[in-house]
Amino acid sequence: MDSANYGDSSSRFPTQGPLDQLLTAKFFVPTLPSTYFARPRLTALLDAGLQSQAILVSAAAGFGKTTLLSGWVRMFRPNDPHAAWISLDTCDNVPSQFWIYVLAALERCKSGISALPLTFLQKESQPAWQAMLTALINNLAQCSERMVLVLDNYDKITEPTIHALISFLIEHLPPTLCLVLSTRANLPFSLARLRARVQIQELRTEQLRYTQEETTIFLRKAVDFRFSEQDMQEVQSRTQGWCAGLQLAALALRGRSNPRDLLHELHGSQRAILEYLLDEVVQQQSSRVQNFLLQTSILDRLFPALCNAVLEQQDSQSILEEMEHANLFLSPLDEEHQWYTYHPLFAEALRHRLQQISPDNVSILNLRASQWYDSHLYENEAIQHAIYIQEWSRVTELIERIPSQSIWSRLNAPFWIEHLPPDVVRTRPRLCLAYANALFWNTPSRITKDWLRDARMAWAVLHAREENATGITPAQKPEASTHLLGEIATLQAVVVGFYDGDAGATRAYCNEALTHLVEQQQAAHVQVTFAQSLAALSLGHFELAIQSLQAGNTAAAAEGDTALANICLTRASWDITMAGRLHDAWQFTEHTIQRAQTPDGHLPVTVCWTYARQADILREWNRLKEAQHLVEQAIQFGEQAEITALLPLGYTILLKLALSRGDLEEAARANQLLEDSWKRMPAPYCYALYSNVDQVRFWLACRDLERARQWAKNLEREEPLVSPLARERQGVSLARIALAESQPDRALALLAPLIVRAKATGRWAHVLEMWLLQAQAYQMRLQSQEALATLAQAVNLAAPEGYIRCFVDEGVQMADLLGRLRKQGHQGDSISYLETLLTAFDDAHEAQMRQAKKEQSDVSSPLLDLLSAREYEVLRLVAQGASNQMIAETLAISNDTARHHVSNILSKLGVTNRTQAAIRARILGLLSSAS
């Protein structure tokens, strides 16, 4: 196997940014102890596993997992298969760092295999996980040679994102790569599918236990003493084939005049045996070695210069060699015997003992380790040792030493900051800002705002302190520079603009930011432009917003910030859609995707926004299957990248698609997802903008008028939103409720001023929707001439852009109006368009009939017969939106009885809530007489 000395990185892998901080020792296959002997029954199982996608070696500490795998890998023929090894530790719980190590390990085996996947981790503000894995899988599939990737100590990984990605990788691995996971704990993802397909080989505790024969071989190799057959059975019984117990027993047996005495003292749990034997083994060593063992136990890996620094001595190399010769649970990691590691169980026991006898020394030793790693540019390890001993001032110093322009996107920054006490972070403005930036897309806005508020307060305190300080030379860089204040104001502008739609506050923050930013802070300048577009949008000024976004796109592209440029373009496509220009919006999204694609056709996860926009345009053009596929991809990308802010938009489009298909059960599921997502990311402005109208449409489609009324009542009690655009969307929802209540006068009164303002600012998509509602209101008032005249305006507006679903989703009354408009001989270019709309109505009706028949055929028994007469009465009231109290009053029963009937109905219909019960009942025809 290839090995490398300290500080050497593979010459075939680029070393830029975080790559030059890879700890090379983690790639070394551990060398074998002198007591090692082959275990053919296990290596045969591992060899058989090479034909599978994965091998799992899972057992508690001390069962010889690492030794077994390292011995097996060393038996490979040269480069057949190629072997990549990573010894994982807790520092690898940062997804980007984890995958950089994986790519680097594979690159050491096969030059060029990781170059493209690496770009997806380095060039995006949000790593493109699926694109990275797809590129890696494709590259592996093209290899002619077999490869084995061993992830040792996988139990050290606790990050859910990593687990999800490893699961995805295993499910899609090509036959050229076998993934080996060695772990103390069960994996946190399912292997059921792999087991069903016989594509995983598993070695568990019972298989790893030493057999009686293996125990005999080991002891005869390790101890110069001949045990009787009865003694061997006794050892086997006491240790239960536990490898670590046998090793410790072998060490403890040395120097005993009567080794059999030890066998009588070996009893209790593995932990008890470990502690007893540890005492036996350590006490046999010289004080010099004992001291070395305890004090270096804080290190995951031992390097002579590092040990010298930690112990403040110069003879670590000779001690390491002495310990290796004595087989003191020390394994060299490389052929040159520069890097070593303790057996994990032995190290844990030593650390526990060190904490017991010298707790103060633990902090001193870790601090020295942190200082050594820092001086050798191992940023992550330096910070990790400081975090372990809670040296918060040192942690903040190390993090803040990262250049300002890169701390916000540094892969490990959120992981580090999460370990710091909040009160420590809140005193450091740069850390507060870095954390707020990391949280922006995936936590409620109030949390991001709190950290930005703390950033501003911490900045003010530091700034005042620096102004009052004496003896500061001009060459010293202030911690609280006004440039940093500009960056804080920039992010505040984006947060308030995106989540609140407060144009006044957004513009105020933008102006403050521009006062403090300098030309070199180009990324912040682009974000200010983006925030300005959000302010224009909240006021309904789409054209102004589009201009700002185009300017932001140009500036971001010039700076090479593809992710921010794509966000600007995608946002512009939505604004153009609201301006009624569907074809232009589609071209914007296509341009965004083309620019984001790599030469191999892979896309970053930030394309989730673009896919969502495209899905909504396709839905409007009645291309429902294509739209469904795209929005599902958008949601998948958003979930993988933890862009939680996207999910409400994605689920809203899912809801709209289900309503367009007339699939109320699917709509109910989408609505539940939507409600849950808004609970996780509460933002009344965004809800009004994206979801409110369509959720009201869902309630009305379910004939849950009471739920819609309750929303309207709640709206009256709430503080009005500051955004005129958001208030307009709420007004449209109220108009829909008024039409459902047969109150056309109220609907017209609500719509009239909204239409005037929307026309004045060119919001033609909204004008179109409101004209359609207005036409239906006129028809309710039997004003057919006004209804058809309004509808004719809508048709003329919609025809050039190919709108379909906004007409069809209005239902039967709209179909009737369009048919009458066609019969009147409506002339011009709109004739063929009218035919297209009427055909779409017919197709939609047929599809809904097929859906209804299919769902009715799924019912195995006539549910109506299962309902009692009283339950049937209750069901009809539930479908009308009646509460338990209203049901009780109507039927003259108690509240408890009403609640009992509702519970029985939900159970019999196989649903979990009243809305689903009403939907299910209508689909099954149980309410036909009531309708």
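Evaluation of the ring-ring contact (aromatic ring centres under 6.0 Å, His included) rule for Tyr778 yields no partner, not counting sequence neighbours. With sequence neighbours excluded, the residues that form a ring-ring contact (aromatic ring centres under 6.0 Å, His included) with His583 are Trp621. A search for side chain to side chain donor-acceptor pair (under 3.5 Å) contacts involving Glu810 returns Arg736, Gln776, not counting sequence neighbours. Partners of Thr610 under the side chain to side chain donor-acceptor pair (under 3.5 Å) rule, at least two apart in sequence or in another chain, are Thr570. In this structure, the salt bridge (Lys or Arg N to Asp or Glu O under 4.0 Å) partners of Arg619, at least two apart in sequence or on a different chain, are Asp616, Asp809. Residues satisfying the ring-ring contact (aromatic ring centres under 6.0 Å, His included) test with Trp771, not counting sequence neighbours, are none. With sequence neighbours left out, the side chain to side chain donor-acceptor pair (under 3.5 Å) criterion links His483 to no other residue. Phe498 meets the ring-ring contact (aromatic ring centres under 6.0 Å, His included) test with Phe440, Trp441; sequence neighbours excluded. With sequence neighbours excluded, the residues satisfying side chain to side chain donor-acceptor pair (under 3.5 Å) with Gln492 are Arg456.
Within the 4.5 Å cutoff, side-chain heavy atoms of Leu768 are placed close to those of Cys806. At least one side-chain heavy atom of Tyr611 sits less than 4.5 Å from a side-chain heavy atom of Ile593. A heavy-atom distance below 4.5 Å is not found between the side chains of Ile617 and Arg623. Between Gln628 and Leu624 there is no side-chain heavy-atom pair separated by less than 4.5 Å. Counting only heavy atoms from C-beta outward, the side chains of Arg697 and Lys656 approach each other to under 4.5 Å. Side-chain contact check for Tyr499 versus Met681: some heavy-atom pair is nearer than 4.5 Å.
Applying the salt bridge (charged side-chain N to carboxylate O under 4.0 Å, His left out) test to pairs two or more places apart or on separate chains, none has a residue in residues 713-723. Sorted by first and then second residue, the salt bridge (charged side-chain N to carboxylate O under 4.0 Å, His left out) pairs involving residues 749-767 (not counting sequence neighbours) are Glu728-Arg763.
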Identify all side-chain donor-acceptor contacts of residues 533-540 below 3.5 Å with residues at least two apart in sequence or on another chain.
from	atom 1	to	atom 2	distance (Å)
Ser533	OG	Phe530	O	2.5
Ser538	OG	Gly501	O	3.3
Ser538	OG	Ala535	O	2.8

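No donor-acceptor pair closer than 3.5 Å links the side chain of Arg729 to the backbone N or O of Tyr690. Checking side-chain atoms of Arg805 against main-chain N and O of Ser660 turns up a donor-acceptor pair under 3.5 Å.
Contact check on Lys449 versus Asp500 returns a salt bridge, with a Lys/Arg side-chain nitrogen under 4.0 Å from an Asp/Glu carboxylate oxygen.
Side chains of Arg709 and Asn714: no donor on one and acceptor on the other come within 3.5 Å. At a cut-off of 3.5 Å, with distance as the only test, a side-chain donor of Glu590 or Gln614 sits close to an acceptor on the other residue.
Across Leu751, Val696, Leu715, a single residue satisfies side-chain contact (heavy atoms from CB on, under 4.5 Å) together with Leu734, and that is Leu715.
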Determine whether Tyr687 and Gln695 satisfy the following criterion, side chain to side chain donor-acceptor pair (under 3.5 Å), listing intermediate values before the conclusion. CA-CA 10 Å; Tyr687 171 74; Gln695 193 162 46; 2.6 Å; yes
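Relative to the six-membered ring of Trp764, Arg581 misses at least one condition, a distance below 6.0 Å or an angle of at most 45° to the axis.
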